[in-house]
Amino acid sequence: IMSCNIMINGFVQSGDLDNAQKMFDEMPERNVATWNAMVSGLTQFEFNEQGLSIFSEMHKSGFLPDDFTLGSVLRGCAGLRSLHAGRQVHAYVMKCGFQFNLIVGSSLAHMYMKSGSLEEGEKVIKSMPIRNVVAWNTLISGKAQNGFSEVVLDQYNIMKHAGLKPDKITFVSVISSCSELATLGQGQQIHAEIIKAGASSGAGVVSSLISMYSRCGCLEDSMKAFMEIEDGDAVIWSSMIAACGFHGKGEEAIKLFEQMEQGGLKANDVTFLSLLYACSHCGLKEKGIEFLDLMVEKYGLKPRLEHYTCVVDLLGRSGCLEEAEAMIRSMPVKAD
RNA sequence: CUAAUGGAAGC
């Protein structure tokens, strides 16, 4: 059983869920880890419904879940934003006596917060007898994502006061909140703590720093953070492109995009949105149209309404009302 | 052997 479990996991790691499923189906005997590997594999790739149905199959086969199972199942519920499914699992958690488990607790809280119920999530975290960094991060990022950026910093300080060391994930949430609020002083202070903690090399940290400095009006500092990392990913590059656009530096944004292409990094829909905004803000009409085209032809990306909105905006600003109208009519997406 | 939290645009 154990070697089959290891193989299932190997397939999952390489993204080959079909073979993982096949292996799973062909096993004559399974243990809890077998079921867990399957549930976790499915939810990791956002096949959340399927993960949940494996879980119910597991239940029907008479297996009791452990904290590994419940963590993955709740992740699936969070992915679905399903309060309904989540509450059912919560009831089950209570029945099995897992409510004070560290992993199950943070998973429950995460599920509630992702599903928009910050209060219930917070209640779960508060009821936990022990809280580790993940539990704190769950609370902090939950508040940040539900529009309570103002209390994120307080929460962060409480966490430190409780004797916990913030990690890169904590920093990302806190910096993002500073960015949201455009509170430069606080952002700088956290940045200093990031450096002191030796956490400044993470891609997530860097991209959140870039956008925080940009939103606070310090494009220079965004650039500095950007330059300090040599192997930036698509999100980092997109952040920097957006920062340039935000500051009306359309040409710079385009240059960055070209460098990004030369570096072999794959631009995504957000990269293009940032780029199109940059063009739009700077009245770079030809370029904007060109990029929308490139996005479809070369990258095979489907423009969303926001992409079209950008270009329509750009055409309108450039005084090309007929072209703008033509674009609205030809969009494969419904206008608003 | 299997498990929970994070980053870019817009809003």
Side-chain angles (χ1 to χ4, degrees), chain A residues 1-10 12-13 20 30-41 43-44 65-78 98 101-111 113-114 121 124-125 128 131-142 144-145 147 166-177 179 199 202-212 214-215 222 226 232-243 245-246 253 267-278 280-281 304-307 309-310 313 336:
Chain A
I1 295 183
M2 214 174 94
S3 40
C4 285
N5 290 353
I6 294 172
M7 287 190 62
I8 288 182
N9 206 315
V12 168
Q13 300 275 335
R30 297 168 185 150
N31 63 15
V32 192
T34 315
W35 290 95
N36 290 351
M38 225 32 233
V39 176
S40 140
T43 58
Q44 251 171 66
D66 59 11
D67 45 357
F68 285 61
T69 325
L70 295 167
S72 297
V73 167
L74 285 164
R75 164 135 78 132
C77 299
F98 274 106
N101 180 286
L102 189 53
I103 288 148
V104 176
S106 18
S107 304
L108 269 173
H110 178 241
M111 178 277 296
M113 292 176 162
K114 275 281 180 208
V124 172
I125 297 271
M128 292 169 62
R131 269 161 258 164
N132 63 1
V133 206
V134 176
W136 279 97
N137 287 348
T138 303
L139 181 62
I140 289 176
S141 72
Q145 287 168 10
D167 65 7
K168 293 185 184 184
I169 296 182
T170 323
F171 289 131
V172 166
S173 300
V174 179
I175 289 290
S176 300
S177 298
S179 175
V205 173
V206 172
S207 51
S208 55
L209 281 171
I210 291 173
S211 75
M212 184 274 289
S214 163
R215 294 216 38 169
S222 298
F226 177 69
D233 64 9
V235 176
I236 290 185
W237 283 80
S238 304
S239 316
M240 200 58 232
I241 290 172
F246 188 75
N268 60 29
D269 56 334
V270 178
T271 316
F272 277 104
L273 201 50
S274 311
L275 193 57
L276 292 172
Y277 268 106
S280 169
H281 284 170
R304 286 185 276 123
L305 181 59
E306 289 100 314
H307 294 92
T309 306
C310 249
D313 203 53
D336 57 359

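Proteins come first, then strands; the chains are lettered A, B, ... in the order of their sequence lines, and each starts at number 1.
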Quiz item: With sequence neighbours left out, what residues match A:Asp67 under salt bridge (charged side-chain N to carboxylate O under 4.0 Å, His left out)?
Solution: none

Quiz item: What nucleic acid atoms does A:Asn132 come within less than 4.0 Å of, heavy atoms only: base, sugar-phosphate, or nothing?
Solution: base

Quiz item: What is the nucleic acid contact for A:Asp67, judged by heavy atoms within less than 4.0 Å: base, sugar-phosphate only, or nothing?
Solution: base

Quiz prompt | Atom pair distance, as rounded to whole Å: CZ in A:Phe98 and C1' in B:A4 | solution = 14 Å

Self-check item: Residues that A:Phe272 engages under ring-ring contact (aromatic ring centres under 6.0 Å, His included), provided they are two or more places apart
Solution: A:Phe257, A:Tyr299

Quiz item: Base, sugar-phosphate, or nothing: which does A:Ala33 touch, judged by heavy atoms less than 4.0 Å apart?
Solution: base

Self-check item: Nearest heavy-atom neighbours spanning A:Arg131 and A:Leu102
Solution: CA-CD1, 4.2 Å

Self-check item: Nearest-angstrom distance from the residue atom CZ of A:Phe68 to C1' of B:A3
Solution: 5 Å

Quiz item: Does A:Gln44 put a side-chain nitrogen or oxygen below 4.0 Å from OP1 or OP2 of B:A3?
Solution: yes

Quiz item: Listed by chain and number, what are the side chain to side chain contact (heavy atoms under 4.5 Å, CB included) partners of A:Ser177, not counting sequence neighbours?
Solution: A:Ala144, A:Ser149, A:Val152

Quiz prompt | Contact pattern, 5' to 3', of nucleotides 5-11 of chain B - B, S or - by protein heavy atom under 4.0 Å | solution = BBBBBS-

Quiz item: Could you give the CG-to-P distance, from A:Leu102 to B:A4, as a whole number of Å?
Solution: 13 Å

Self-check item: Which residues share a ring-ring contact (aromatic ring centres under 6.0 Å, His included) with A:Phe226, sequence neighbours left out
Solution: A:Trp237

Quiz prompt | Partners meeting side chain to side chain contact (heavy atoms under 4.5 Å, CB included) with A:Phe68 (sequence neighbours left out) | solution = A:Asn36, A:Asp66

Quiz item: Could you state the CG-P distance from A:Asn36 to B:A3, rounded to the nearest angstrom?
Solution: 9 Å

Quiz item: For A:Ile103 and B:A3, what is the distance between atoms CD1 and P respectively, to the nearest whole Å?
Solution: 10 Å

